[in-house]
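Beneath this line is the structure, given in structure tokens, with notes to follow.
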There are 2 protein chains.
Amino acid sequence: MDIRTLCLGILTMRDATGYEIKKVFEDELSHFYEASFGSIYPALNRMTEDGWIACKAEAQDGRPDKKIYSITSAGRMAFMDALQKKPRKDRIRSEFLAMMMFSDLMAPSRIASLIDERLAALDAHLKEVEVCSDEAATPNVVRFLRGFGQAMYQAEHDYLEENRHLVEAQALMARAAAD
Amino acid sequence: MDIRTLCLGILTMRDATGYEIKKVFEDELSHFYEASFGSIYPALNRMTEDGWIACKAEAQDGRPDKKIYSITSAGRMAFMDALQKKPRKDRIRSEFLAMMMFSDLMAPSRIASLIDERLAALDAHLKEVEVCSDEAATPNVVRFLRGFGQAMYQAEHDYLEENRHLVEAQALMARAAAD
DNA sequence: TCGATATATATTGAATTGATATATGCATTC
DNA sequence: GAATGCATATATCAATTCAATATATATCGA
């Protein structure tokens, strides 16, 4: 399920511009899939060539033509096929956790600072998810995904608060051993 | 903190071959950072050119020379610098969750199957983490990272079990509406 | 004996990113 | 009124990364 497939999926929901598709990646999908313009526009161009989507341009004042993409029957079938494939394993890349791996080499104050910043970022995520949760008539799948994100942020938040001493104390010991 | 920086970090812990570095990515780091040979070997070559690591080749029977890399003083300083930088935000890419986003377009049995497979994979991860946890003399940072992974797998497991009805029921409703 | 896995070195085409380019409209602040 | 930041739009590109591929022997279990 690459960027192209996901753009196609977004277009099964509604017609959109490249810019709007990017917005979907930044809003609904942001907790578990991201994409940049650098792959969205080429993907749209290729799918237009492949006949999976069609493009209608609307002239605008002082801006490039607005290009609105819509899915075709062939595209809808291609996406349904993609949904029958086995999902590949998640890809996770966390610089924060990678840095924790080398916490022996950092000052205890640096470690505390990193963890505090991480906790603050988690708090911000949790607030953001909470604000959205009050909306009525939210589709169940959106509730599901938002709840998923919330559960994971909360789990990480709790884990860090309860276990930060494991890396903070070790840093102190590593420092004592180095002296 | 790119692949090159992480390879450097691994070499602060011990000398290693490219193959052994890959093993570290697959074992200790696997929950939060992955790398392939396609980037490890070029990274090692470039850092050798930059003077951050040194390489000693040992002839082997019937195999390419074994190349053992060790960090230099310059490399150690470069890595310490990297640890002072602000970690960039996590990158998460989950095909499973992306598919859930389009659960309206899937048969309820397909959704159930995907979730069951996901739960099975989480069980396997949890078992794997549990086996390791009994080891004595595990450094605190390893306990921390392993515990982190365990907490996140458990949170996801619990969330899926308690909330799978949100997407499964919606699929039934979507199917009823389509008929 | 065979198949799978481990141990080693690599390369490459394709996918992806973050930065960059271009440019107007709107809102806010000074 | 000017400056700044953000939103709305289209894109490209150098650098990074990956999965597949190539090569080849040793070990282990069925």
Side-chain angles (χ1 to χ4, degrees), chain A residues 1-8 15-27 29-30 33-50 55-69 82 85-95 98, chain B residues 1-8 15-27 29-30 32-50 53 55-69 82 85-95 98:
Chain A
M1 228 195 197
D2 52 10
I3 302 279
R4 185 183 339 187
T5 306
L6 267 168
C7 289
L8 196 58
D15 294 355
T17 64
Y19 182 87
E20 286 166 345
I21 287 170
K22 175 73 155 95
K23 282 304 197 182
V24 174
F25 277 106
E26 284 170 359
D27 297 335
L29 283 155
S30 71
Y33 218 104
E34 287 183 306
S36 81
F37 287 124
S39 49
I40 290 173
Y41 285 113
L44 292 174
N45 288 333
R46 191 161 22 199
M47 290 194 289
T48 304
E49 289 163 17
D50 290 342
C55 172
K56 184 176 71 176
E58 289 177 7
Q60 297 192 106
D61 289 330
R63 285 177 187 171
D65 286 358
K66 188 173 191 172
K67 287 179 168 176
I68 301 170
Y69 295 90
K85 291 193 170 82
K86 182 183 172 71
R88 289 180 294 182
K89 75 194 273 310
D90 291 8
R91 295 268 202 87
I92 297 175
R93 182 155 293 182
S94 172
E95 290 198 10
Chain B
M1 229 195 195
D2 53 9
I3 301 279
R4 185 183 339 187
T5 306
L6 267 168
C7 289
L8 196 58
D15 294 356
T17 64
Y19 181 88
E20 285 165 346
I21 288 170
K22 176 76 155 95
K23 282 304 195 182
V24 174
F25 276 106
E26 285 170 0
D27 298 334
L29 282 156
S30 71
F32 48 89
Y33 217 103
E34 286 182 306
S36 81
F37 287 123
S39 49
I40 291 173
Y41 284 113
L44 293 174
N45 288 332
R46 191 157 26 192
M47 291 195 288
T48 304
E49 288 164 16
D50 289 343
I53 62 179
C55 173
K56 185 175 73 178
E58 288 177 7
Q60 296 192 108
D61 288 330
R63 286 178 187 170
D65 285 359
K66 187 173 192 173
K67 287 180 165 175
I68 302 171
Y69 294 91
K85 290 194 170 84
K86 182 182 170 74
R88 287 180 296 183
K89 72 191 276 306
D90 291 8
R91 293 271 201 83
I92 298 177
R93 181 156 294 182
S94 174
E95 290 198 11

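Letters go in sequence order (proteins before strands), and every chain restarts at 1.
Between A:D90 and B:I92 there is no side-chain heavy-atom pair separated by less than 4.5 Å.
Between B:D2 atom CG and D:dA15 atom P there is a gap of 14 Å when expressed in whole angstrom units. Protein atom CD of B:E95 is 10 Å distant from nucleotide atom P of C:dT16, rounded to whole Å. Atom pair A:M1:CE and C:dT16:P shows a separation of 13 Å (rounding to whole Å applied). Atom P of nucleotide C:dT16 and atom CD of B:E34 are separated by 16 Å, given to the nearest angstrom. Protein atom CG of B:N45 is 11 Å distant from nucleotide atom C1' of C:dT11, rounded to whole Å. Atoms CZ (A:F37) and P (D:dA7) sit 12 Å apart, rounded to a whole Å. When the P atom of C:dT17 is taken as reference, atom CD1 of A:I40 falls 8 Å away, rounded to whole Å. Between A:M47 atom CE and C:dA15 atom C1' there is a gap of 14 Å when expressed in whole angstrom units.
Considering only side-chain N and O atoms, B:R4 lies under 4.0 angstrom from the phosphate OP1 or OP2 of D:dT16. In this structure, A:R93 does not reach the D:dT16 phosphate: none of its side-chain N or O atoms is under 4.0 Å from OP1 or OP2. When the side-chain nitrogen and oxygen atoms of B:R91 are compared with OP1 and OP2 of D:dT17, none of them lie within a distance under 4.0 Å.
Nearest nucleotide to the A:P64 side chain, out of C:dA15, D:dA9, C:dA8: D:dA9. Looking at the side chain of A:K23, the nearest of the listed nucleotides C:dT9, D:dT12, D:dT8 is D:dT8. Set against C:dA8, C:dT9, C:dA15, the side chain of A:R46 has C:dA15 as its closest nucleotide. Among D:dA9, D:dT17, D:dT16, the nucleotide with an atom closest to any side-chain atom of B:I3 is D:dT17. Listed nucleotides: C:dT16, C:dT9, C:dT17. Nearest to the side chain of A:A35: C:dT17. With D:dT17, D:dT8, D:dA26 as the candidates, the nucleotide lying closest to the side chain of A:Y19 is D:dT8. Listed nucleotides: C:dA8, D:dA9, C:dT11. Nearest to the side chain of B:T17: C:dA8. The side chain of A:Q60 sits closest to D:dA9 out of D:dT10, C:dT11, D:dA9. Comparing C:dA8, D:dT17, D:dT8 by their closest approach to the side chain of B:S39 singles out D:dT17.
There is a side-chain donor-acceptor pair under 3.5 Å between B:D2 and B:T5.
The shortest heavy-atom contact between B:A98 and A:Y33 is CB-CD1, 4.2 Å.
Atom CZ of B:R91 sits about 11.5 Å away from atom OG of A:S94, to the nearest 0.5 Å. Here the CE-CG distance, from B:M1 to B:L8, works out to 9.0 Å after rounding to the nearest 0.5 Å.
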Walk me through whether A:E49 and A:R46 qualify under salt bridge (Lys or Arg N to Asp or Glu O under 4.0 Å). CA-CA 5 Å; A:E49 289 163 17; A:R46 191 161 22 199; over 6 Å; no
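With DNA chain D read from its 5' end, the first of the two nearest nucleotides for A:G38 and A:R63 is the one closest to A:R63. Between B:K66 and A:S36, the residue anchored closer to the 5' end of DNA chain C is B:K66, taking for each the nucleotide with the nearest heavy atom.
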